[in-house]
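Below is one structure, written out as structure tokens, with a few remarks after it.
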There are 2 protein chains.
Amino acid sequence: MYGRHEHDSCISDAMVAADDICKARGLRFTELRRHVLELVWENHGAVKAYDLLEKLDKDYSAKPPTVYRALEFLQENGLVHKINSLNAYVGCSHPLKHTDCFFLICSNCNEVQECCGSDVAKAVRNMVAGQGFAHNQTTLEIEGVCQECQLEG
Amino acid sequence: MYGRHEHDSCISDAMVAADDICKARGLRFTELRRHVLELVWENHGAVKAYDLLEKLDKDYSAKPPTVYRALEFLQENGLVHKINSLNAYVGCSHPLKHTDCFFLICSNCNEVQECCGSDVAKAVRNMVAGQGFAHNQTTLEIEGVCQECQLEG
DNA sequence: TTCAAATTGTTATATTATTACAAAAACAAG
DNA sequence: CTTGTTTTTGTAATAATATAACAATTTGAA
Ligand SMILES: [Zn+2]
Ligand SMILES: [Zn+2]
Ligand SMILES: [Zn+2]
Ligand SMILES: [Zn+2]
């Protein structure tokens, strides 16, 4: 039901981490925001805003701004990332040590794996510095087929 | 008017290259497709599809599918790239040797520079291979401020 | 209690992109 | 050239993604 691993703990871990972060930063982790984050974490794939909206709509009578505002809050605080190549959103798997991350997107099972702190980031920094470019934000999204799917395939 | 360099040659170079590529591959480089590519190349920034549409509309009575189809053709044949983080399109600056490219996007002057064949690509390949991931497509878009803008700033 | 700030609700609209089907143009074969 | 097929373009409708503007509510602090 939840993919390849015991996924319940992913959600609960993420929620605990989010709680801690919000508490530490004096942010209001409201019911709505919590609920949206839970929905984002229902699986390890990226979720579309309007799918979140539909799910939310059962409890709340949500309209687009509701979900986009929650996503904005979650993104600003590093709890969620937007995958630009999919126009979709994914929970951050390590919000406390998120730096120079990138994403491996399996086009077979749709899981998104977040990777971090690697030589890739170093290479990007070097290359960019060599060009005299002052970089703020890196979007690195790699589409392909994950190992599990290759083995199954 | 055209940014920092003598830009006319960029357009004409790109059109010649496009001509050659289409001829070599037996593709139909129609008036419409040619026109769209010219419009994309009017500057070195990324262009929105609906801005192209407006410009096109003066001559043709273009509707969205017209421009999206032309962009699709141009993308398939490596003459144009989509910048996912901007939902916008940019002319390929080296369509014949385009491999493992990435983009430096200046948020001040909006120019997009396409870089290619670097250590970054190598690092990506290594990292991804280390994860057992079979990658097809890499989206690497780096937002920041270009050197010229830093000097002027 | 009162006030200001932050959050949420609501309506409308903007932006980006695709589907479906009809017309026209280009091409290949006879 | 004519015919039939494929590719391209036109057109209308609609889907998918996202934001603006303003009102109502909740929250937390003074
Ligand atoms: Zn992260
Ligand atoms: Zn997979
Ligand atoms: Zn290119
Ligand atoms: Zn610049």
Side-chain angles (χ1 to χ4, degrees), chain A residues 18-19 21-40 45-77 79-90 110 139 141, chain B residues 18-19 21-23 25-40 45-77 79-90 105 110 139 141:
Chain A
D19 255 330
I21 285 170
C22 290
K23 203 161 290 172
R25 297 183 192 164
L27 303 167
R28 287 200 221 157
F29 196 37
T30 62
E31 262 307 295
L32 177 65
R33 290 164 174 174
R34 167 182 299 278
H35 196 141
V36 170
L37 185 56
E38 280 168 355
L39 292 174
V40 168
V47 200
K48 299 268 177 179
Y50 275 74
D51 290 344
L52 290 172
L53 187 55
E54 259 187 72
K55 290 178 185 174
L56 256 189
D57 201 41
K58 290 169 190 156
D59 312 279
Y60 304 78
S61 71
K63 274 98 196 167
T66 301
V67 70
Y68 280 105
R69 281 193 288 228
L71 285 171
E72 188 185 32
F73 171 88
L74 295 169
Q75 284 178 265
E76 279 170 353
N77 295 293
L79 301 170
V80 153
H81 301 295
K82 178 170 185 181
I83 306 296
N84 285 310
S85 56
L86 300 175
N87 292 327
Y89 304 83
V90 68
N110 296 118
T139 296
E141 298 165 4
Chain B
D19 254 330
I21 285 170
C22 290
K23 203 161 291 174
R25 297 183 192 164
L27 302 167
R28 287 199 220 158
F29 195 37
T30 63
E31 261 308 294
L32 176 64
R33 289 164 175 176
R34 166 182 298 278
H35 197 141
V36 169
L37 184 57
E38 280 168 356
L39 292 175
V40 168
V47 200
K48 299 267 177 180
Y50 275 73
D51 291 343
L52 291 172
L53 187 55
E54 259 187 72
K55 290 177 184 174
L56 256 188
D57 201 40
K58 290 168 189 158
D59 312 279
Y60 305 77
S61 71
K63 274 97 194 164
T66 302
V67 70
Y68 281 105
R69 281 192 289 226
L71 286 171
E72 188 184 32
F73 171 88
L74 296 168
Q75 285 177 265
E76 279 171 353
N77 294 293
L79 302 170
V80 153
H81 301 296
K82 178 170 186 183
I83 306 295
N84 286 310
S85 56
L86 300 175
N87 291 326
Y89 304 83
V90 68
I105 304 164
N110 296 119
T139 296
E141 299 165 4

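Naming: A, B, ... by sequence-line order, numbering from 1 per chain.
When each of A:E31, A:R33, A:R25 is paired with A:F29, the side chain to side chain contact (heavy atoms under 4.5 Å, CB included) condition holds for A:R33 and for no other.
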Self-check item: Verdict with supporting geometry, B:H35 and B:L39, side-chain contact (heavy atoms from CB on, under 4.5 Å)
Solution: CA-CA 6 Å; B:H35 197 141; B:L39 292 175; 3.6 Å; yes
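Residues from residues 24-36 of chain A placing a heavy atom under 4.0 Å of any atom in DNA chain C, listed by number, are A:R28, A:T30, A:L32, A:R33.
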Below 3.5 Å is the cut-off: list the nitrogen or oxygen pairs between protein and nucleotides 17-21 of chain D, distance only.
{"from": "D:dT17", "atom 1": "OP1", "to": "A:K48", "atom 2": "NZ", "distance (Å)": "2.6"}
{"from": "D:dA18", "atom 1": "OP1", "to": "A:K82", "atom 2": "NZ", "distance (Å)": "2.4"}
{"from": "D:dA18", "atom 1": "OP2", "to": "A:Y68", "atom 2": "OH", "distance (Å)": "3.1"}
{"from": "D:dA18", "atom 1": "OP2", "to": "A:Y89", "atom 2": "OH", "distance (Å)": "3.2"}
{"from": "D:dA18", "atom 1": "N7", "to": "A:Y50", "atom 2": "OH", "distance (Å)": "2.6"}
{"from": "D:dA18", "atom 1": "N6", "to": "A:Y50", "atom 2": "OH", "distance (Å)": "3.3"}

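By the 4.5 Å heavy-atom criterion applied to side chains, B:Y89 and B:Q75 are counted as neighbours. Here the side chains of A:N77 and A:C22 are not in contact, with every heavy-atom distance at 4.5 Å or above. Inter-residue side-chain proximity for A:T66 and A:V36 is flagged as unmet; no heavy-atom pair is nearer than 4.5 Å. By the 4.5 Å heavy-atom criterion applied to side chains, A:Y50 and A:V67 are not counted as neighbours.
Separating the CG atom in B:N84 from the CG atom in A:L86 is a distance of 8.5 Å, to the nearest 0.5 Å.
In this structure, the CG atom of B:L71 is 15 Å from the P atom of D:dT8, given to the nearest Å. When rounded to the nearest whole Å, the span between CG of B:L53 and C1' of D:dG10 equals 13 Å. We find that NZ of B:K63 is positioned 16 Å from C1' of D:dT14, with the value rounded to whole Å.
By the salt bridge (charged side-chain N to carboxylate O under 4.0 Å, His left out) test, A:K55 pairs with A:E42, sequence neighbours left out.
Between D:dG10 and B:S61, no contact under 4.0 Å exists linking OP1 or OP2 to a side-chain N or O.
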